[in-house]
Protein chains: 2
Amino acid sequence: MTSPVKQPVTAADKTFYQLRLDIVEGEITAGSKLSETELSTKYGVSRAVIREAINRLESCHIVERKANVGARVVALTADGLLALYQVRESLEGMAARLAAKNMTDGEINELEALLNSHFKDVKQGESYYQEAGDVDFHYRIILGSKNKHLIAMLFDGIYHLVRMYRVQLGMAGPRVTTAFDEHKHIVQAIANRDEELAEMLMRRHIMYSKNNIHSKLS
Amino acid sequence: MTSPVKQPVTAADKTFYQLRLDIVEGEITAGSKLSETELSTKYGVSRAVIREAINRLESCHIVERKANVGARVVALTADGLLALYQVRESLEGMAARLAAKNMTDGEINELEALLNSHFKDVKQGESYYQEAGDVDFHYRIILGSKNKHLIAMLFDGIYHLVRMYRVQLGMAGPRVTTAFDEHKHIVQAIANRDEELAEMLMRRHIMYSKNNIHSKLS
DNA sequence: ATTAACATTTTTGTCGACAATATAGCCGTT
DNA sequence: AACGGCTATATTGTCGACAAAAATGTTAAT
């Protein structure tokens with residue numbers, strides 16, 4: 001299988017990834033203006049590649065641009081986070097449904113193995129599960145949907161924005177113990193090829209996550 | 001209310017809209033290669049603006065680009081259409097749910113009025129309902145969700161692709177008579193603020209549409 | 001005849017400069 | 001002092017040219 005994370009080949013690619021990283025990780029602060037000339041000197045490339053990178057960031061809804069004025073990093077608001085999670089609930093719910101339909105038995109076995117390894121970590125009190133494990137879990141289910149559009153929307157769009165909120169509003173990772181059980185039930189539904197249940201459980205899982213985060217904001 | 005269809009201001013904007021139109025309407029045939037120099041002479045603009053237009057088309061998944069090779073218009077396949085409708089079912093279902101929650105009473109009244117005017121047209125055997133009416137109906141519900149991401153994904157992404165399939169695979173418009181009843185029930189659910197039902201009916205409505213189209217393909 | 005390597009040509013990627021537009025500051029008027 | 005218009009300045013939009021990479025065509029060797 002070809003890795004879904006394609007590595008940059010052109011300068012505009014590299015600049016795009018770097019710029020996105022710097023924004024998501026908060027080095028370039030939310031709401032700030034993106035000056036093309038300034039960035040071109042900072043990243044050591046021409047204005048043309050900066051423009052292309054900014055255009056792509058605009059398509060991801062990470063920056064907003066006004067014609068003849070310039071681009072700004074999006075502002076982070078509670079409403080924005082809510083809207084994001086509404087979309088995520090919808091798309092990942094569908095992803096779980098399609099995964100129950102389209103994942104191979106081998107892929108499901110791998111998913112179960114992944115979950116077992118997480119279980120051991122959680123039991124030992126390790127924090128590994130906190131970030132990468134959760135992402136990996138959702139990652140595989142989304143890929144398991146085998147739906148190109150779904151995969152692109154979530155990986156290229158939603159996930160970076162969600163991470164941006166997580167990092168910059170200083171939220172902790174996913175709720176470790178309870179989330180693990182939810183993951184377990186989702187995998188069970190997928191293994192049983194129960195599309196309806198898989199979607200429903202995934203949606204509830206994300207709703208819980210949303211409520212958890214929303215409570216920390218207000 | 002400010003119109004959600006923003007008009008082009010810069011040359012790159014205009015070229016992007018024109019190019020998208022030419023592709024969706026089939027003047028530039030699906031699967032064909034997009035030569036930057038060729039297009040720049042054809043549209044009478046510099047290669048830079050063509051490049052920007054192509055980049056934006058790539059973000060919409062209307063063209064695919066390989067680094068150092070070029071861009072091609074996407075190929076239309078039955079699987080691709082299926083994937084599209086899966087996403088559409090998910091997103092528009094959520095849009096209906098959110099519309100039931102967030103639309104104002106005034107907006108709902110307008111929606112009902114729109115449906116009534118369609119009803120008269122359908123009764124008189126007019127074909128107005130065929131295309132624009134259906135689009136307008138879905139349009140308003142999506143806007144009624146008040147969710148920025150949802151609106152952008154559907155309007156900028158999915159809808160143009162769906163139309164591209166419709167036009168180029170020579171499908172007729174929506175199923176007039178039965179679809180009308182489905183629309184009516186969806187509006188009823190929204191007027192009753194029944195989020196659950198609104199989502200479910202919208203999903204079924206799109207599923208029927210998918211099945212209708214899929215049967216014509218095979 | 002097929003293949004491999006090389007040279008040629010075409011196409012994309014990148015750059016710096018110019019043109020057009022918006023922003024900011026200044027001046028004069030009321 | 002406040003407001004309106006004007007000028008200056010800075011930033012974005014567009015262009016043509018150069019560099020780099022891939023595709024094509026040609027030649028030579030097996």
Side-chain angles (χ1 to χ4, degrees), chain A residues 2 5-23 27-75 156, chain B residues 2 5-23 27-75 156:
Chain A
T2 128
V5 179
K6 54 184 171 219
Q7 56 204 7
V9 337
T10 171
D13 274 341
K14 290 180 215 149
T15 308
F16 165 64
Y17 289 122
Q18 186 63 48
L19 197 51
R20 183 175 64 183
L21 193 68
D22 289 347
I23 291 175
E27 184 173 324
I28 297 177
T29 153
S32 65
K33 185 169 190 320
L34 295 178
S35 160
E36 295 183 358
T37 55
E38 188 183 331
L39 291 175
S40 90
T41 62
K42 176 176 176 183
Y43 289 94
V45 289
S46 132
R47 255 189 66 216
V49 331
I50 292 289
R51 273 181 73 80
E52 179 173 337
I54 290 180
N55 276 331
R56 284 163 74 176
L57 287 172
E58 188 191 10
S59 297
C60 305
H61 303 268
I62 290 179
V63 314
E64 285 169 345
R65 138 172 296 174
K66 270 192 284 192
N68 289 312
V69 171
R72 307 193 78 89
V73 179
V74 294
D156 299 341
Chain B
T2 129
V5 178
K6 55 185 168 211
Q7 57 202 9
V9 334
T10 171
D13 274 342
K14 290 179 214 148
T15 307
F16 165 64
Y17 288 121
Q18 186 62 48
L19 198 51
R20 182 174 65 182
L21 193 68
D22 289 347
I23 292 175
E27 187 173 323
I28 297 177
T29 154
S32 64
K33 186 169 188 321
L34 295 178
S35 161
E36 294 182 358
T37 56
E38 188 183 331
L39 291 175
S40 90
T41 62
K42 176 177 177 183
Y43 290 94
V45 290
S46 132
R47 256 190 66 217
V49 330
I50 292 288
R51 272 181 74 80
E52 178 172 338
I54 290 180
N55 276 332
R56 283 163 74 175
L57 287 172
E58 188 191 10
S59 297
C60 307
H61 302 270
I62 291 178
V63 314
E64 285 168 345
R65 140 172 294 174
K66 269 191 286 192
N68 289 314
V69 170
R72 309 192 78 87
V73 179
V74 294
D156 299 341

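All heavy atoms count here, side chains included; hydrogens, waters and symmetry mates do not. Proteins come first, then strands; the chains are lettered A, B, ... in the order of their sequence lines, and each starts at number 1.
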query: C:dT14, C:dG13, D:dT12: which one has an atom nearest the side-chain heavy atoms of A:Ala12?
result: C:dT14
message: What is the separation between atom CG on A:Leu34 and atom C1' on D:dT12, rounded to the nearest whole Å?
response: 13 Å
message: What residues from residues 48-55 of chain A pass a heavy-atom cutoff of under 4.0 Å to DNA chain C?
response: A:Ala48, A:Val49
message: I'd like to check A:Asp22 versus A:Tyr43 (side-chain heavy atoms, cut-off strictly below 4.5 Å). Are they in contact?
response: yes
- prompt: Can you check the B:Asn68 CG to D:dT24 P distance for me, whole Å?
  reply: 15 Å
message: Under 4.0 Å from OP1 or OP2 of D:dT14: is there any side-chain N or O of B:Ser46 that close?
response: no
- prompt: With a 4.5 Å heavy-atom cut-off, do A:Glu64 and A:Arg72 have their side chains touching?
  reply: no
- prompt: Does some side-chain heavy atom of A:Ile23 sit less than 4.5 Å from a side-chain heavy atom of A:Val63?
  reply: yes
query: Of the nucleotides C:dT14, D:dG13, D:dA22, which has the atom closest to the A:Ala11 side chain?
result: C:dT14
- prompt: Taking all non-hydrogen atoms of both residues, which atom of A:Arg65 and which atom of A:Ile54 are closest, and how far apart?
  reply: NH2-CG2, 3.4 Å
query: B:Val69 side chain: which of C:dT12, C:dT23, D:dA22 is closest?
result: D:dA22
- request: May I ask you to verify if any side-chain N or O of A:Lys33 is less than 4.0 angstrom from the OP1 or OP2 atom of D:dT12?
  value: yes
task: Quickly work out the B:Arg47 CZ to C:dG13 C1' distance and round it to whole Å.
output: 7 Å
- request: Rounded off to whole Å, could you give me the CG-to-P distance for the A:Leu39 and D:dT11 pair?
  value: 12 Å
task: Figure out the CZ/P separation between A:Arg65 and C:dA22, and round it to whole Å.
output: 15 Å
task: Mind calculating the distance between CD (B:Glu36) and P (D:dT14) to the nearest angstrom?
output: 16 Å
- prompt: Between B:Leu57 and B:Arg20, is any pair of side-chain heavy atoms under 4.5 Å apart?
  reply: yes
query: Rounded to whole angstrom units, what separation is found between the CZ atom of A:Arg72 and the P atom of C:dT23?
result: 11 Å
- request: Report yes if a side-chain nitrogen or oxygen of B:Lys66 is closer than 4.0 Å to either non-bridging phosphate oxygen (OP1 or OP2) of D:dA21; otherwise report no.
  value: no
- line: Of D:dC15, C:dA22, D:dA22, the nucleotide closest to the side chain of B:Val45 is D:dC15
- prompt: Can you find a heavy atom in the side chain of B:Arg56 that is under 4.5 Å from one in the side chain of B:Asp13?
  reply: yes
- prompt: Just to confirm, is there a sub-4.0 Å distance from OP1 or OP2 of C:dT14 to any side-chain nitrogen or oxygen of A:Thr10?
  reply: yes
query: Rounded to whole angstroms, how far apart are OH on A:Tyr43 and P on C:dT14?
result: 16 Å
- request: Could you pull out all residues at least two apart from B:Ser59 that satisfy side chain to side chain donor-acceptor pair (under 3.5 Å)?
  value: A:Ser59
